[in-house]
Amino acid sequence: MKTEMSKRQVWVVTIGCFLSYFLFGLIDNMKGQTLPALMENEAYGYSVGGTIVFSEYAGFFIATFLAGVLADLLGKKPTLIIAGACLAVGVTGYALSAQLAALIGFIFLIGLGLGTLELSGSNIISGIHDAKRAGFYLNLLNTFYGVGAILTPIGVGAMLGNGCSWREVYRTSLFLIIPILLYFIFMRYPREAKRGEKRPGIQGGEVIKLISHREVWMMYIFIFAYVAAEIAVATWFVEFLQTEKRLGDEKSAAYFSAYFALLMFGRMLGSILVDRIGYLRSLTIFAVIAAVCLSIGVLGPDETAWILIGAGFGFSVIFPTATAVISGIPSKNPGTMMGIFFSCGGLGGMAGPWIVGIVSEAGGLKLGMMMNVGYCLIMLAAALILMYGNVRKQAE
């Protein structure tokens, strides 16, 4: 239900949501740029690096369960503040930690903050804008994730190139985290009064019926594979370019930035086109683009490494468009359906980079990166099955 607010309040809160996704994109993608330096400084292998990233997305996964509960208990604005606080504490601890256990614990807290930011931002902006334009606003919101993700390689690459440590990179990010957290604190949001009416509880039978529906669980498989691929690529992109394609810090940072520039451009374009093309058709087309760019970039000669950046365009519209697909499925428990959807994405974020790390340790980083093509093929299969199902329904 749309929250009643003045036009000024809508803009203030919308800016807060955009800032939340900007911060999400900024912090989330620092790990890919700093992971090679961390592993070199601490003498960690690919499997340990994958475990560190796994811990971040374990926190993200848990946030998919906690964020909704916190929003119901405390309200949406306090949940956004908690997300910012988790980031501030997590980043501070991660930058100061010397032991692997501490690194894992604090990056888990970072993941908890990132997951809460993502759900809080999307929930708030969906509640204050017209639901009929969900595809437009979700793509626009995710564009700000792209802005943060583009700036990360530029800033981090410059710092590392000038001799800064990966710890200094994280400490510097606090100069953005703290002001945005203060914006969340002082942002005016309508008081979410507790109503006396009894809310209907979650109907277990309805949930079982819902998740056993082919359209729903195929979307769960789709989002698991997508997030596994997107997070794994972002995690190992720089390490792959430096190790396998023999690119230096500056050039690999430029490619990483271009990857996110195409991701942002695709989401801006997607906010206009996906409603016209059709959601499932868009998912199919962009999954093919991502798979082709990854295959050529990974398996081709060093001169074709730049094609990897095209995977950013391929990934661009997939998450917000898939979210629009799942939100359009009729259900008596839409919150539960959406929560499971984000949880499947969180599981993909945990598994994707970790599996790539394990496979890379055993068979080389090129083989590990090809796992992402496999994830894209799973996405493609799920989207085609759903499209085929829709065609059959229309024929009947």
Side-chain angles (χ1 to χ4, degrees), residues 25 28-29 31-33 35-36 46-47 49-54 56-57 60 145-146 149 153 220-245 247 252 255-263 266 283-302 304-319 321-322 344-384:
D28 187 32
N29 293 290
K31 63 185 180 299
Q33 195 98 13
L35 194 59
Y46 289 135
S47 59
T51 300
I52 291 172
V53 179
F54 177 92
E56 178 180 331
Y57 282 92
F60 184 97
Y145 173 93
Y220 289 165
I221 292 172
F222 182 95
I223 201 63
F224 173 89
Y226 165 71
V227 178
E230 198 266 333
I231 298 303
V233 169
T235 299
W236 297 107
F237 191 97
V238 173
E239 175 68 12
F240 175 76
L241 290 178
Q242 293 179 355
T243 303
E244 296 292 329
K245 301 299 183 180
L247 298 183
S252 60
Y255 280 16
F256 200 34
S257 182
Y259 167 86
F260 284 112
L262 284 179
L263 185 123
L283 294 178
T284 302
I285 292 170
F286 281 85
V288 170
I289 292 172
V292 170
C293 291
L294 284 170
S295 298
I296 297 173
V298 171
L299 297 177
D302 293 353
T304 63
W306 65 270
I307 297 177
L308 274 175
I309 70 176
F313 184 76
F315 287 146
S316 61
V317 306
I318 290 178
F319 184 81
T321 304
C344 288
L347 283 173
M350 290 165 59
W354 181 66
I355 291 173
V356 170
I358 296 295
V359 172
S360 297
E361 184 114 338
L365 195 52
K366 183 175 289 189
L367 180 61
M369 285 293 284
M370 283 303 295
M371 292 296 298
N372 298 308
V373 177
Y375 297 141
C376 290
L377 294 178
I378 293 172
M379 291 158 48
L380 181 60
L384 289 173

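Throughout, residue positions are numbered sequentially from 1 according to the sequence presented. When reading the values below, keep in mind they use all heavy atoms of this one structure, side chains included, and skip hydrogens, waters and symmetry mates.
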Over 60° means perpendicular and under 30° means parallel, so tell me whether F286 and F313 are parallel, tilted or perpendicular. tilted

In this structure, CZ of F319 is separated from CD of E230 (nearest 0.5 Å) by 9.0 Å

Does a side-chain heavy-atom distance below 4.5 Å link M379 with L283? no

Parallel, tilted or perpendicular: which fits the ring planes of Y145 and F260, with parallel below 30° and perpendicular above 60°? perpendicular

Can you tell me how far the SG atom of C344 sits from the CZ atom of F222, to the nearest 0.5 Å? 13.0 Å

When you compare the side chain of V298 with that of V373, does any pair of heavy atoms fall below 4.5 Å? no

Option passing side chain to side chain contact (heavy atoms under 4.5 Å, CB included) with V292 (candidates V288, L294, I289): V288

With Y375 as reference, evaluate I355, V227, V233 under the side chain to side chain contact (heavy atoms under 4.5 Å, CB included) test and give the passing residue. I355

Parallel, tilted or perpendicular, judged at 30° and 60°: which one describes the rings of W354 and F54? tilted

Backbone N or O of Y46 within a donor-acceptor pair of the E361 side chain at under 3.5 Å? yes

After noting the C-alpha distance and the side-chain angles of D28 and I231, does the key distance pass the side-chain contact (heavy atoms from CB on, under 4.5 Å) rule? CA-CA 9 Å; D28 187 32; I231 298 303; 4.1 Å; yes

Return yes if some donor-acceptor pair links the side-chain N/O of N372 with the main-chain N/O of M369 below 3.5 Å, else return no. yes

So CG of L308 and OH of Y255: to nearest 0.5 Å the spacing works out to 9.5 Å

With a 4.5 Å heavy-atom cut-off, do F237 and L35 have their side chains touching? no

